[in-house]
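Presented below is the structure to which this report refers.
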2 protein chains.
Amino acid sequence: MQVDERKQRILEALILDYIATGDPVGSRTIARKYKLGVSSATIRNEMADLEELGFIEQPHTSAGRIPSEQGYRYYVDCLMELKPLADSMKRYVQDVLVDRVRETEALIQLTSKLLSQLTNYTAIIMAPNYGKNILRHVQLLSLENNRIVLVIVLDNGHVEHRTLDFPTQFEEKDLQTLSYILNRHLRGLSLEQWKAGIFQEIYNELDYQKRFLNQVIELLENVMSVEHESKVYLGGTLNILNQPEFRNVEKVKELFELLEEERVLKEVLSTGPSVGLTVRIGSENPYEGMKNCSLITAAYEVDGNPIGTLGVLGPTRMEYSKSVSMVEFFTTVLADALKKVK
Amino acid sequence: MQVDERKQRILEALILDYIATGDPVGSRTIARKYKLGVSSATIRNEMADLEELGFIEQPHTSAGRIPSEQGYRYYVDCLMELKPLADSMKRYVQDVLVDRVRETEALIQLTSKLLSQLTNYTAIIMAPNYGKNILRHVQLLSLENNRIVLVIVLDNGHVEHRTLDFPTQFEEKDLQTLSYILNRHLRGLSLEQWKAGIFQEIYNELDYQKRFLNQVIELLENVMSVEHESKVYLGGTLNILNQPEFRNVEKVKELFELLEEERVLKEVLSTGPSVGLTVRIGSENPYEGMKNCSLITAAYEVDGNPIGTLGVLGPTRMEYSKSVSMVEFFTTVLADALKKVK
DNA sequence: TTTAGCACTCAAGAGAGGAGAGTGCTAACA
DNA sequence: TGTTAGCACTCTCCTCTCTTGAGTGCTAAA
């Protein structure tokens, strides 16, 4: 059976109506609301065909039809027109994000907040990962009780710190010397550029407290490698509760449990292709708890390199057209904003 | 009317049964389950009295009774016996928290997780605030694009950083000198100890770039004062969804919206007395969205000074006896753990 | 090929009736 | 005087039935 143009228009009308109302759509509704120039009986016949093709389904005999996942897929791939976004909104977002925020973390948080507010869904953003973490500065400081704090600053402005205990008391001066030597050898290098040779040189310069030095270096390597996987930020989680498909607390719980796990979010964001935009509908998502959800993700780039992903999570009955436009728009804005921050 | 001992025992039985089952409790149930040595008719008479006194109420004529807020209050104040906690559980918690965790933030997070798991309610913990933030170290570092990162380490091991732009390019060396001078003057002092005189001295030492210095100092003051108010950590938020009183998504949303606001959490935790344990039942809570909840909070201390608060949020139909024991226990464990960390 | 007409289906809502839990009251009992 | 058994009464909840309305598929005519 062919999917001719009339079938397409009926399918589109049905999907748009269902997205707008949430109720199964009948042939009469389509005939009345969307002037297709044919009677409801004709639409009925076409709908029977569309059902046979697997694009729509009936919750029960005497209800209207609702789109199947396959129907949404066809709509997204072939029928959907991107919704143009209001210039005023665009300007507002650009204004807020590009010029006002200076710190990466605050920027991402604000972005996720805006994205969720403007879509009314949940925003997920993976923080930018510039590939190599280049060491900018190491500093060892002693605190009370033999505790020592190791502060590490990366080239992109990221700051990490770790505390370590060490049985022996250290002289402030020793720590300063150590910091100095570590900086001299390691500054400007990424983890990959550290070679065994470097440490040999460091060892040679200060052969006291080798055990301590080892511990510090281990921690350093740790931080430098961990930073490789970026944090994920969520915005507007509670928007999910506005969706009628999540009136049921069990479902909410199932989904929220997934969203609480950073591992899941990362997986969900990183399974798409690293360029372009992905729409994952219902059970195309890897997790059972997301089978009623659709996820739109896209990578954002700086200098042509994809450095992170952002997306929007909503019910399968989602405003795809608006959401896709929004996600696309936000990738460009975030990229711009990051360029300024960097 | 007197609240004699029999009334007390009936009230207690009713509350315990209602907490356990969630269903309104009838006179027959009490007579059957709790051997009070009197018939259901007698209990019925007593219950009529208890209702008149305002301790219990009827959802409708032919249902059993449920405790009123006043009833819970009387129970908590006069009847409740603290539930003894299993030694094995105590040992486990002590083991996990006191020796294994080194960083304050990780410690608080783990504590909130454990507290929520062991109570099945939501844990709220205000991070310790030792009163004065004493500066341990300041470091200025230049990044790309005229950006400068200011790293601040406090005496308690807390590390903060801020990024700032400044139109002029800085020499690495200048920043080092500046860091050095700042450290020499400010290290070991708390914000309160900074006096105008100090800055005069600093200005005298480097009269170049006074504007930049001002900006740095402003940022420093900012961080030092902000640290005064502690962060709040939540654990087990989703436990709320297990409660039958939160089957309704609207209610869930209302509560979650409150919990998302740090301001609210802080207020809720800090309105109690700074020592001892507080139980706030239902509408005794300051927020409308918490009128179905009870909150048990207690301050935890180090060296005799209350430095933070922790608590448990559950439905008014809460296992008060177990939860109070648990909150009390956790204040001591957290205090112990913090002593080790500090 | 399209459309009007019609019989049919099914969910959802309204209403009726019964079961069950619980109450308050009364009168008898210790 | 306090306690208890008995009983009528109340109200929710569940089930069953009936009705309504939206929507369908099929058929025959245009």
Side-chain angles (χ1 to χ4, degrees), chain A residues 1-11 13-15 17-18 20-68 71 244-245 247-248, chain B residues 1-11 13-15 17-18 20-68 71 244-245 247-248:
Chain A
M1 199 185 315
Q2 274 287 346
V3 185
D4 57 21
E5 209 217 305
R6 192 168 66 187
K7 283 198 178 58
Q8 292 189 340
R9 289 182 60 199
I10 291 174
L11 178 59
L14 188 143
I15 290 182
D17 203 81
Y18 183 64
T21 66
D23 293 325
V25 189
S27 53
R28 237 178 80 90
T29 311
I30 294 182
R32 230 185 311 119
K33 280 211 227 168
Y34 305 81
K35 318 279 175 207
L36 302 183
V38 289
S39 77
S40 70
T42 311
I43 294 174
R44 213 140 55 225
N45 290 330
E46 296 286 44
M47 280 165 79
D49 291 352
L50 284 169
E51 180 162 8
E52 202 176 320
L53 288 163
F55 290 144
I56 58 181
E57 47 199 30
Q58 262 182 306
H60 55 86
T61 334
S62 72
R65 308 297 215 288
I66 60 174
S68 67
E245 26 276 272
R247 308 242 61 195
N248 180 333
Chain B
M1 200 185 313
Q2 274 288 346
V3 185
D4 57 21
E5 208 216 305
R6 192 168 67 186
K7 283 198 180 56
Q8 290 189 342
R9 290 181 62 198
I10 290 174
L11 178 59
L14 187 142
I15 290 182
D17 202 79
Y18 182 64
T21 65
D23 293 325
V25 189
S27 53
R28 237 179 80 89
T29 312
I30 294 183
R32 230 185 311 119
K33 280 211 226 168
Y34 304 81
K35 318 280 174 206
L36 301 183
V38 289
S39 76
S40 70
T42 310
I43 294 176
R44 212 142 52 227
N45 289 332
E46 296 287 43
M47 280 165 80
D49 291 352
L50 285 169
E51 181 162 6
E52 202 176 318
L53 287 164
F55 290 143
I56 58 181
E57 47 199 31
Q58 262 182 307
H60 54 85
T61 334
S62 72
R65 307 297 213 292
I66 60 174
S68 67
E245 26 276 273
R247 306 236 39 123
N248 180 333

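Chain identifiers are assigned alphabetically (A, B, ...) following the order of the sequence lines, protein sequences preceding nucleic acid strands; residue numbering begins at 1 within each chain. Because the structure is predicted, anything quoted here is derived from the model rather than measured.
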B:Glu46 with B:Arg6: basic N within carboxylate O range, under 4.0 Å:
yes
Do any side-chain nitrogens or oxygens of A:Arg6 fall under 4.0 Å of OP1 or OP2 in C:dT2?
yes
Counting side-chain heavy atoms from CB outward, which of C:dT23, C:dC6, C:dT3 is closest to B:Arg44?
C:dT23
Looking only at N and O atoms, is any donor in the side chain of A:Arg28 or the base of D:dG23 less than 3.5 Å from an acceptor on the other one?
no
Is the shortest side-chain N/O distance from A:Thr61 to OP1 or OP2 of C:dT9 below 4.0 Å?
no
Candidates C:dT23, C:dT3, C:dG22 - which lies nearest the side chain of A:Ala41
C:dT3
B:Ser68 (side chain) donor-acceptor with B:Gly54 (main chain) under 3.5 angstrom
yes
Among D:dT4, D:dG6, D:dT24, the nucleotide that comes nearest once only the side chain of A:Gln58 is considered:
D:dT24
Heavy atoms under 4.0 Å, any strand shown: does A:Arg65 hit a base, just sugar-phosphate, or nothing?
sugar-phosphate
Counting only distance, no hydrogens or angles, is the base of C:dC10 paired donor-acceptor with the side chain of A:Ser62 under 3.5 Å?
yes
Indicate, with a heavy-atom threshold strictly under 4.0 Å, whether B:Ala63 touches base, sugar-phosphate, or nothing.
sugar-phosphate
Tell me whether the OP1 or OP2 atom of D:dG23 has a side-chain N or O from A:Ser40 closer than 4.0 Å.
no
Nearest to side-chain heavy atoms of B:Ala48, which nucleotide of D:dC11, D:dT4, C:dG24:
C:dG24
Between A:Thr29 and A:Val25 (side chain of the first, backbone of the second, donor and acceptor by atom type, cut-off under 3.5 Å), is there such a pair?
no
Respond yes when some side-chain nitrogen or oxygen of B:Ser27 is under 4.0 Å from OP1 or OP2 of C:dT23, and no when none is.
yes
Using only side-chain N and O atoms of B:Thr42, determine if any of them is under 4.0 Å from OP1 or OP2 of D:dT4.
yes
